[in-house]
Amino acid sequence: MTPLQERLIKIKEQIPEQVNLVAVSKFHPKSALQEAYDVGQRIFGESRVQELIEKQQVLPSDIEWHFIGHLQANKVKYIAPFITLIHAVDSLHLLEEIDKQGRKHNRKIPCLIQIHVAQEEAKFGFYPNEFLAFLNDGQWSNLSYAQIIGVMCMASFTDDTTQVLEEFKLANELFHWAKSTHFSNIPEFKECSWGMSEDYPLAIETGSTLIRIGSSIFGDRQY
Ligand SMILES: *Cc1c(COP(=O)(O)O)cnc(C)c1O
């Protein structure tokens, strides 16, 4: 086994069954993804459209590709034919574009709504009050091809585990509020995407179902 494969398997052993591992392979070469694939990894996360497409074209076709970064509406068309999950939907405009492209390809495209729970200022994601307003407004529910199946967040970049835990807990509360008020009849709405290399144990504690781990598997990013 290669060192990469050993790291991956060690992490997998620590993850409970109900949690899925997204191997965040951005900035790593195709050979690294193939190594992970060879020991059974099937979900990969990328954050740039061009890089994702180049990898998708040559790597095995049973890989589930997740887009985890900020997505520009005008690039949705390039990934719409094959993407398994878009993690960071941060506007109605983007959701509508995903819906339009899903319709074109006659496939539902699962999406997560990005909520901004971190202390830090950030450019992307709905603040909690905006998230509530977005769901209460209801325009999202008219879309039949962009399918909201959960929420996603990033914690503050800090060593303060108490703070990170508070942020994940807030995301968890918002998820449960959404589930009970707007998605109680939609069993697909069940995904919580939070937790990265530094904080995934806290994420699992607070109900994450999708952890996104990059550097702990692949090492430092190469370009
Ligand atoms: C890069 C990235 C990750 C993975 O981060 P690591 O610290 O390398 O595990 C997770 N989520 C998002 C949105 C990212 O951009």
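Both ligands and their constituent atoms are indexed starting at 1 by order of listing.
- Close approach of ligand 1 to Ile213 is summarised as follows: ligand atoms under 4.0 Å from at least one heavy atom of the residue are 9 (O).
- Under the 6.0 Å distance and 45° angle rule, Arg107 does not count as a cation-pi partner of Tyr145.
- Lys26 and Glu51 are not joined by a salt bridge, as no carboxylate oxygen comes within less than 4.0 angstrom of a charged side-chain nitrogen.
- Taking any N or O of Lys26, backbone or side chain, at least one lies under 3.5 Å from an N or O belonging to ligand 1.
- Considering both main-chain and side-chain atoms, Gly214 comes within under 3.5 Å of ligand 1 through a nitrogen or oxygen pair.
- Remark: Asn20 engages Ile43, Leu210 in a side chain to side chain contact (heavy atoms under 4.5 Å, CB included) (not counting sequence neighbours).
- For a threshold of 3.5 Å applied to N or O pairs, the pair formed by Ser47 and ligand 1 contains no separation below that value.
- Identified under the side-chain hydrogen bond (donor to acceptor under 3.5 Å, both in side chains) test for residues 70-86, with sequence neighbours left out: His70-Asp90.
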